[in-house]
Trainee: 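Below: one structure in structure tokens.
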Amino acid sequence: MTTECIIEVRHLWTQFGTQVVHRDLNLCVHRGEVLSLVGGSGSGKTTLLRQMLGLEQPARGEVLVFGQRLHDGDVEELRQLHSRWGMLFQQGALFSALTVYDNIALPLREMKTLDEELIRDLVMVKLDMVGIERHHAAKMPSELSGGMVKRIALARALSLEPELLFLDEPTAGLDPDRSESFVTLIAELRRELGLTVVMVTHDLDTLVSLSDRVAVLCDQQVIAVGTVREIAGYSHKFICNFFQGERGQRALDAVKDLVTDINAQRPQPLIPQNDDVKHQGT
């Protein structure tokens with residue numbers, strides 16, 4: 001992992017009518033890391049994810065991905081840029097009228113450069129990659145379990161061999177065993193494929209297991225960026241509430257050497273600097 005920023009959010013303002021969601025927000029996602037976005041309800045986590053995907057345009061400020069502004073350039077340049085990332089939506093978002101095979105094949109067919117024989121081979125490779133047996137390719141989404149939907153949606157997100165993967169609540173709706181299995185799968189794929197991952201999650205086990213760094217959204221800004229250990233030791237009302245209690249401590253204690261005397265060690269927040277976004281959180 002390097003400190004190279006492959007996503008830069010600069011002085012971002014998001015506003016819906018009179019409601020300001022993000023106010024002068026800055027953030028850098030380093031190449032090769034898993035950066036998790038956490039925050040309370042209404043803090044704008046998923047909205048920020050949509051800004052990074054180019055699905056929404058900020059009221060002010062800019063988002064750069066791989067050095068390119070998301071709302072600049074011609075259609076072909078933006079299409080090429082979009083092919084460099086994949087997105088796993090919270091509920092999978094599989095097309096209900098398409099089979100498993102056709103769901104995964106859809107991004108490949110949209111390229112209009114691959115023949116069906118090659119597309120078939122690629123779809124089967126992606127099924128293997130996420131641990132789904134090939135005979136499930138003919139099934140419809142309604143015939144799948146929640147865990148299978150997640151894995152197939154992940155296969156679709158990886159169909160174009162992206163460098164960057166976005167995850168929106170990847171373990172939401174899964175029981176503990178399936179959740180743990182899916183987290184292990186994401187960790188393995190991230191390592192094998194060299195992915196950079198941006199993840200929105202409220203699940204502490206997922207957060208602790210996958211994150212290299214955590215960005216905390218509160219009061220319309222990113223108030224702190226750092227490792228889980230650094231963030232957990234920061235004295236702020238939302239952060240204390242998020243990590244306190246039996247479940248929070250259990251998740252933290254599950255990672256070796258993650259928290260040693262957190263209460264006695266209170267590091268200063270790693271606050272993004274508006275005049276030098278590239279050096280935040282490093």
Trainee: So which heavy atom on V149 is nearest to which on Q91, and how close?
Mentor: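 Reported closest heavy-atom pair: CG1-O, 3.7 Å.
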Trainee: Quick check: are there more than 12 heavy atoms from other residues, nucleotides or ligands sitting under 6.0 Å from CD of E117?
Mentor: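 12 or below, so no.
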Trainee: So, taking the atom named CZ in R10 and the one named CD in E62, what distance separates them when rounded to the nearest 0.5 Å?
Mentor: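 The CZ atom of R10 sits 5.0 Å away from the CD atom of E62.
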Trainee: For residues L37 and W13: do they belong to one hydrophobic cluster (side chain heavy atoms under 4.5 Å, members Ile, Leu, Val, Met, Phe, Trp, Tyr)?
Mentor: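 They do not share one cluster, since no chain of ILVMFWY contacts under 4.5 Å joins L37 to W13.
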Trainee: Show the numbers, then the answer: is there a side-chain contact (heavy atoms from CB on, under 4.5 Å) between T206 and S179?
Mentor: CA-CA 8 Å; T206 302; S179 177; 4.2 Å; yes
Trainee: Could you check whether any side-chain N or O of R151 sits under 3.5 Å from a backbone N or O of V130, counting only pairs where one atom can act as donor and the other as acceptor?
Mentor: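 Answer holds: yes.
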Trainee: Going by heavy atoms in the side chains, are V225 and V216 under 4.5 Å from each other?
Mentor: no
Trainee: Looking only at heavy atoms, what is the nearest atom pair of L108 and S159, with distance?
Mentor: CD2-O, 3.4 Å
Trainee: Out of curiosity, L167 CG to T201 OG1, how far, rounded to the nearest 0.5 Å?
Mentor: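 Here the rounded value is 9.0 Å.
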Trainee: Do L165 and L193 come close enough that some side-chain heavy atom pair is under 4.5 Å?
Mentor: no
Trainee: Considering all heavy atoms of both residues, which atom of S209 and which atom of V183 are nearest to each other, and what is their separation?
Mentor: CB-CG1, 3.7 Å
Trainee: So, T14 and E56: side-chain donor and acceptor under 3.5 Å apart, yes or no?
Mentor: no
Trainee: Between CD1 of I7 and SG of C28, what distance do you get to the nearest 0.5 Å?
Mentor: 9.0 Å
Trainee: Any side-chain heavy atom of R213 sitting closer than 4.5 Å to one from H30?
Mentor: yes
Trainee: So does G39 get a backbone contact from the side chain of K45, meaning a donor-acceptor N/O pair under 3.5 Å?
Mentor: yes
Trainee: According to a hydrophobic-cluster definition based on side-chain heavy atoms being under 4.5 Å apart (Ile, Leu, Val, Met, Phe, Trp, Tyr only), do V222 and L64 belong together?
Mentor: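 As far as the 4.5 Å side-chain criterion goes, L64 and V222 are not connected within one cluster.
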Trainee: Looking at E180, I'd like to know if its CD atom is crowded, meaning that more than 12 non-hydrogen atoms belonging to other residues, nucleotides or ligands lie closer than 6.0 Å.
Mentor: no
Trainee: Throw together a table of side-chain donor-acceptor distances under 3.5 angstrom for residues 93-105, partners on residues two or more places apart or in other chains.
Mentor:
| from | atom 1 | to | atom 2 | distance (Å) |
| --- | --- | --- | --- | --- |
| T99 | OG1 | Y101 | N | 3.4 |
| T99 | OG1 | D102 | N | 3.1 |
| T99 | OG1 | D102 | OD2 | 3.3 |
| Y101 | OH | R120 | N | 3.4 |
| D102 | OD1 | R109 | NH1 | 2.9 |
| D102 | OD1 | R109 | NH2 | 3.3 |
| N103 | OD1 | F95 | N | 2.8 |
| N103 | OD1 | R156 | NH1 | 3.2 |
| N103 | ND2 | F95 | O | 3.2 |
| N103 | ND2 | L98 | O | 3.2 |
| N103 | ND2 | T99 | O | 3.0 |

Trainee: Any side-chain heavy-atom pair from H202 and E169 closer than 4.5 angstrom?
Mentor: yes
Trainee: Can H82 and R79 be said to form a side-chain contact (heavy atoms from CB on, under 4.5 Å), step by step?
Mentor: CA-CA 5 Å; H82 293 172; R79 188 187 71 82; 5.8 Å; no
Trainee: Any chain of hydrophobic side-chain contacts (each under 4.5 Å) joining V21 to V198?
Mentor: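 Different clusters: V21 never reaches V198 through Ile, Leu, Val, Met, Phe, Trp or Tyr contacts under 4.5 Å.
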Trainee: How long is the straight-line distance from CG of L195 back to CG of L164, given to the nearest 0.5 Å?
Mentor: 8.5 Å
Trainee: Please check if I132 and L189 belong to a single hydrophobic cluster, counting links between Ile, Leu, Val, Met, Phe, Trp and Tyr side chain heavy atoms closer than 4.5 Å.
Mentor: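 Yes, it is one cluster - the side chains of I132 and L189 are joined through contacts under 4.5 Å.
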Trainee: Hey, is the main chain of T196 close enough, under 3.5 Å, to the side chain of E163 for a donor-acceptor pair?
Mentor: no
Trainee: Salt bridge (charged side-chain N to carboxylate O under 4.0 Å, His left out) for K126 and E161? Distances and angles first, verdict last.
Mentor: CA-CA 10 Å; K126 299 309 174 185; E161 305 288 342; 2.5 Å; yes
Trainee: For residues G92 and A153, report the shortest heavy-atom separation together with the two atoms involved.
Mentor: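 Minimum heavy-atom contact is O-CB, 3.5 Å.
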Trainee: With heavy-atom distances below 4.5 Å as the criterion, would you say the side chains of L27 and M52 are in contact?
Mentor: yes
Trainee: Mark yes or no for whether D212, through its side chain, and V34, through its backbone, hold a donor-acceptor pair below 3.5 Å.
Mentor: yes
Trainee: So L118 and D115, side-chain contact (heavy atoms from CB on, under 4.5 Å) or not? Walk me through it.
Mentor: CA-CA 6 Å; L118 181 54; D115 61 39; 3.3 Å; yes
Trainee: Return the set of residues passing ring pair (Phe, Tyr, Trp, His ring centres under 6.0 Å) with F182 (not counting sequence neighbours), or none when no residue passes.
Mentor: none
Trainee: Identify the two heavy atoms, one from G54 and one from L70, that lie closest to each other, and give their separation to 0.1 Å.
Mentor: N-CD1, 3.5 Å
Trainee: Is a donor on one side and an acceptor on the other found under 3.5 Å between the side chain of E230 and the backbone of T227?
Mentor: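 Yes, E230 side chain to T227 backbone: donor-acceptor pair under 3.5 Å.
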Trainee: Ignoring hydrogens and angles, tell me if any N or O in the side chain of Q68 forms a donor-acceptor pair with the backbone of L81 under 3.5 Å.
Mentor: no
Trainee: Check whether R190 reaches the backbone of G32 with its side chain - one donor and one acceptor, N or O, closer than 3.5 Å.
Mentor: yes
Trainee: If you compare all heavy atoms of L160 against all heavy atoms of P107, which two are closest, and at what distance to 0.1 Å?
Mentor: CD2-O, 3.9 Å
Trainee: Drop me the distance from T47's OG1 to H22's NE2, to the nearest 0.5 angstrom.
Mentor: 5.5 Å
Trainee: Quick one: side chains of residues 139-147, donor-acceptor pairs under 3.5 Å with protein atoms, not counting sequence neighbours, listed by atom name and distance.
Mentor:
| from | atom 1 | to | atom 2 | distance (Å) |
| --- | --- | --- | --- | --- |
| K139 | NZ | H136 | ND1 | 3.0 |
| E143 | OE2 | M140 | N | 2.8 |
| S145 | OG | M148 | N | 3.3 |

Trainee: State plainly whether one hydrophobic cluster holds both L106 and M87, where clusters connect Ile, Leu, Val, Met, Phe, Trp and Tyr through side-chain heavy atoms under 4.5 angstrom apart.
Mentor: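 No; M87 is not reachable from L106 via cluster members.
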Trainee: How many angstroms lie between atom CG of L48 and atom CG of L25, to the nearest 0.5 angstrom?
Mentor: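 If I round to the nearest 0.5 Å, the distance is 6.0 Å.
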Trainee: Would T171 and D205 satisfy side-chain contact (heavy atoms from CB on, under 4.5 Å), going step by step from the backbone distance to the final call?
Mentor: CA-CA 10 Å; T171 55; D205 295 323; over 6 Å; no
